[in-house]
Amino acid sequence: MDPLLTLATVFAIFIPALLLPGPDFIAVVRSALTRGLWGGLGTALGVSLGLAFYATLSLLGLSALLVEYQWLTWVVRVLGGGYLIYLGIRLILTRPETIDVETLAPAPTGQTVLFGFAVTLTNPKAVVLFASVFATAVTEQTPSWLLIAMIALVFASGLIWYAIVTAFMASPPVMRQVMAARHTVERVAGACFIAIGGKIIADARGPAP
């Protein structure tokens, strides 16, 4: 297949999947609302790094590894779903507190980046997406520049999209309207994490004997 056609086909699937709300989207929105612009951007960077990491693994043979070892797919799904449930419970149990938007202090960049990376890393849907789409779209004849371009575009697409989401959610007018209902936002985000994590675990099939 022509390299440019391969690139277009892959991203025709990846971009819509990126835009659909999921754990990554919820994590970025939550960070933007509670930590401000830089907190949201840090989480967006972490999410984008996680996406690029999975793209790299899949292009290096992750799909073949998951096909060979079915139990690994089960482990990834269960651990990922469990981590999302853990995050959801923490959000729901967070005590309500009043925060002055004007004096909102951003979290250390390292913490928000790590948070975004961890959410993406434990999202089994990312594993399935990259393993099924990216790794199966290339062959031994695929040029190296195309592999590098795919990884770079994955990172850039994620960072641009979630930076836009952050800029909107962290803008002062939006934050003033939403901050009063911050605890409700935390609970809704937590419930979403738990629901997504529960469904992932429920849909996980036991490892092959």
Side-chain angles (χ1 to χ4, degrees), residues 3 6-31 40-87 110 112-140 142-163 165-166 192-193 196-197 199-201 203-205 207:
T6 299
L7 200 62
T9 301
V10 166
F11 280 88
I13 300 174
F14 172 71
I15 296 300
L18 175 67
L19 300 182
L20 290 175
D24 297 343
F25 183 88
I26 296 171
V28 171
V29 169
R30 187 251 179 182
S31 291
L41 289 177
T43 302
L45 175 60
V47 167
S48 302
L49 289 172
L51 293 174
F53 176 75
Y54 270 135
T56 302
L57 283 184
S58 64
L59 293 175
L60 292 178
L62 176 61
S63 61
L65 184 64
L66 294 179
V67 169
E68 179 70 21
Y69 301 102
Q70 293 295 320
W71 61 268
L72 184 58
T73 302
W74 179 83
V75 169
V76 169
R77 294 184 65 83
V78 171
L79 290 180
Y83 181 74
L84 291 177
I85 292 175
Y86 165 75
L87 286 179
T112 55
V113 172
L114 184 60
F115 171 66
F117 185 77
V119 168
T120 301
L121 202 63
T122 55
N123 181 6
K125 290 185 178 180
V127 179
V128 174
L129 174 65
F130 287 116
S132 61
V133 178
F134 281 72
T136 57
V138 299
T139 65
E140 295 181 355
T142 302
S144 299
W145 69 264
L146 181 58
L147 302 181
I148 296 174
M150 284 185 179
I151 296 170
L153 287 174
V154 165
F155 175 79
S157 300
L159 188 58
I160 291 172
W161 167 240
Y162 288 120
V165 171
T166 296
C192 290
F193 275 129
I196 294 172
K199 187 176 187 306
I200 289 171
I201 293 177
D203 292 342
R205 296 179 178 179

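In this structure, CD1 in Ile151 is found 9.0 Å from CG in Leu57, a value given to the nearest 0.5 Å. In this structure, OG1 on Thr122 lies 11.5 Å from CD1 on Ile85, to the nearest 0.5 angstrom. For the atom pair CG of Asp24 and OG1 of Thr43, the computed distance is 10.5 Å after rounding to the nearest 0.5 Å. Between atom CZ of residue Phe25 and atom CZ of residue Arg30 there is a gap of 15.0 Å, rounded to the nearest 0.5 Å. Taken from CD1 in Ile148 to OG1 in Thr56, the straight-line distance is 10.0 Å, to the nearest 0.5 Å.
Distance alone, capped at 3.5 Å, places no donor-acceptor pair between the Tyr162 side chain and the Leu45 backbone.
Across all non-hydrogen atoms, the minimal contact from Val154 to Ala55 is CG2-CB, 4.1 Å. Taking both residues in full, the closest heavy atoms of Leu51 and Thr120 are given as N-CG2, 3.7 Å, listed atom of the first, atom of the second, then distance. Pairing each heavy atom of Gly42 with each of Thr112, the nearest pair is CA-OG1, 3.4 Å. The minimum heavy-atom distance linking Phe11 with Ser157 is given by the pair CE2-OG, 4.3 Å. Of all the heavy atoms in Ala44 and Thr166, the pair that sits closest is CB-OG1, 4.4 Å.
You'll find the side chain of Phe155 reaches within 4.5 Å of the side chain of Leu49, heavy atoms only.
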